[in-house]
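Since the structure comes first, as structure tokens, the remarks are kept for the end.
In the text below, chain A, chain B and the rest are named by the order of the sequence lines, each starting its count at 1. Being a predicted model, the structure only gives us computed values, none of them experimental.
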Amino acid sequence: MIFNAIRKATFEQPFAVWGLALGFAGPALVLIVPPIRDYMGFVAPMSIPESYPLPNRPRRPTIGYED
Amino acid sequence: MLLSLIEIFAVILPVLLGIAYLTLAERKIMGSMQRRVGPNHIGLFGLLQPLSDGIKLLLKETIFPSQSDKIFFISAPLIIFTVNLLGWATIPFGEGNSISDMELGIIYLLAMSSISVVGIILAGWSGNSKYSLMGSLRTTAQLISYELVIGLTILTIIGVVGSYNLNEIILFQKHSIIFLLPLLPLFPILFISALAETNRVPFDLVESESELVSGAFTEYSSFSFALIFLVDKLEYGAMISMCTLINILFLGGYLVPFSYLFSDFLLIFLEPLFLGLKTCLLLFIFIWVRATLPRVKFNQLINLNWKCLLPITLGLFMLVISLLILIFPIDNINIQYLFLPFIFKNFKINKKFFNKFLILILILGFLSFFIYFIYISNILTKNII
């Protein structure tokens, strides 16, 4: 029933149907692909550092005109 | 002050000269495509023809129709002329080589192209002629319809790049690949919309030289007609600026192929040259289309926009944005920038949560827009036309 309706729509309003198909393919990919990717053993890369790493120690006291 | 004036003239004068000679190029190219010679009498190979046409227009008498609104009648061509040339302020001719390197350059360009519609409405209304008024309404319907598709195409590219700055869009293509290849389906859509936006054949219904006598500009003559003829939405100025925009968005603008072979000094001269060459290629295709295709009907024009191009562009927009979220799940700052450019620069948010939220918003927005556009197109095609 639904298949026939879609089939009829592809003939009557092809651009609307293909537009919808393209539009829903994107979010469907976003929902479907990550679980499959995880199942296949893909590890997400680390995010790009946006600042320099700060040293994990107390700050050195400044001498003279330093700082 | 003087330097900036020189800068402005260095951009405006070549553009105006380019517009003048584009008319000659069009007549020559169409002539050769139709097995004719084209203009060849004035000057060597007819090179002085645009000058002669200009002088002819300027020497004609300016006629004001009776009971026309003279202030608006005079100011309409000036608005169209000024606004169209203002768009050139953000076009980069080389790396960091533009009059104003605006952060929101592309929005500025779109705004300028939209404002000139006001000039067209004014021109049609102020002449006190029902024919020019109807012409201006047809023009406005066409321009506003096709601006949607152009805006959506540009939004997709902004989503990929993450910037509204034209220079950054070009540099993004320099560091990756020109957008013609990854976003190939969007290129013909933008090209067809540009044909309609500049009212070129096969979408030149508003002007239809053979029947309507210049549409909205029926009542214009002499200098004011020359102004409109030079840079109006209907013809050559808009053609050059639109081709430059397509060039920047899809062909890499001023990028020189194998640029590492050339010295930096040489590149300063080569970059504007390549911008011009690529734009000329697009302009040639515009003229080629004019010499090839017949004019479509008005309902076909509106149908093509609302029922064909818009659904497909919406679908492609969703697909591209979703793929960006899929491929760059953590660092998709670009897409956030697309929606709220100013807020996301300063705020830090939970990006993983935001992705799911974004997808939901996208789906809902896509569906509502889609239904809305289909509804509008049905109304337009069944009731109005």
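- Two residues are said to be in side-chain contact when any heavy atoms from C-beta on lie closer than 4.5 Å; B:N303 and B:C308 fail this criterion.
- Within the structure, salt bridge (charged side-chain N to carboxylate O under 4.0 Å, His left out) contacts touching residues 174-188 of chain B (residues at least two apart or in different chains) are B:E95-B:K174.
- The most heavy-atom pairs under 4.5 Å with chain B, out of A:L22, A:L31, A:V17, come from A:L22.
- The ring-ring contact (aromatic ring centres under 6.0 Å, His included) test applied to B:W288 returns B:F284, not counting sequence neighbours.
- Options A:A28, A:A21, A:P14, A:G23 differ in how many heavy-atom pairs under 4.5 Å they form with chain B, and the most are formed by A:G23.
- The candidate with the highest count of non-hydrogen atom pairs below 4.5 Å against chain A, out of B:L319, B:L323, B:L309, B:T313, is B:L319.
- Ring orientation note: the planes of B:F203 and B:Y146 are tilted relative to one another, at an angle of 30° to 60°.
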